[in-house]
Amino acid sequence: KNRPEVTESLQTQCTPEELKEIREWIDSIQTLADLKAEYAARTLGQQIDMSIKWFSTTESDGIHSVAAEILPQMVTLRKVFKTRGLL
């Protein structure tokens, strides 16, 4: 994970109280990012089901660009599943 860090230069410019606030803010942002990722994973099946219905019925001109955007992530997700022993 790319967790933001407090740089040395920032540490020298802040009071201990400010540094504590900054670190708490970083922690809260990381917690929120983790929750978003978990929510995305837990609802992915439903999203895929809805996407299947949309791709099966849509006449949208943008269908090809949407599919092109999704396909690389599908390949990566499959690799992660395989690496983690989920397949």
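Owing to the predicted nature of the structure, the values given are computational and were not obtained by experimental measurement.
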For residues 65-87, dump all side-chain donor-acceptor pairs below 3.5 Å to protein atoms at least two apart in sequence or in another chain.
residue: Ser65; atom: OG; partner: Gly62; partner atom: O; Å: 2.9
residue: Thr76; atom: OG1; partner: Pro72; partner atom: O; Å: 3.1
residue: Thr83; atom: OG1; partner: Lys79; partner atom: O; Å: 2.9

Quick one: list whatever passes salt bridge (Lys or Arg N to Asp or Glu O under 4.0 Å) with Glu5, sequence neighbours left out. none
Residues in side-chain contact (heavy atoms from CB on, under 4.5 Å) contact with Glu18, at least two apart in sequence or another chain: Cys14, Thr15
Write out all pairs satisfying salt bridge (charged side-chain N to carboxylate O under 4.0 Å, His left out) with one or both partners inside residues 43-59, taking only residues at least two apart or from two chains. Asp49-Lys53
Has the side chain of Thr58 got a donor or acceptor atom that lies under 3.5 Å from a matching backbone atom of Trp54? no
Report the hydrophobic cluster partners of Ile22, with the cluster defined as I, L, V, M, F, W, Y residues connected by side-chain heavy atoms closer than 4.5 angstrom, directly or transitively. Val6, Leu10, Leu19, Trp25, Ile26, Ile29
Running the 4.5 Å side-chain criterion over Ile, Leu, Val, Met, Phe, Trp and Tyr, what cluster does Leu35 land in, apart from itself? none
Is there any side chain to side chain donor-acceptor pair (under 3.5 Å) pair reaching into residues 36-47, and which pairs are they, with sequence neighbours excluded? Glu38-Arg42
Taking side-chain contact (heavy atoms from CB on, under 4.5 Å) as the test, write out the residues that go with Ser51, two or more places apart. Phe55
Listed partners of Thr57 passing side-chain contact (heavy atoms from CB on, under 4.5 Å), at least two apart: none
Could you work out, with side-chain contact (heavy atoms from CB on, under 4.5 Å) as the rule, every residue matching Ser9, not counting sequence neighbours? Thr7, Gln13
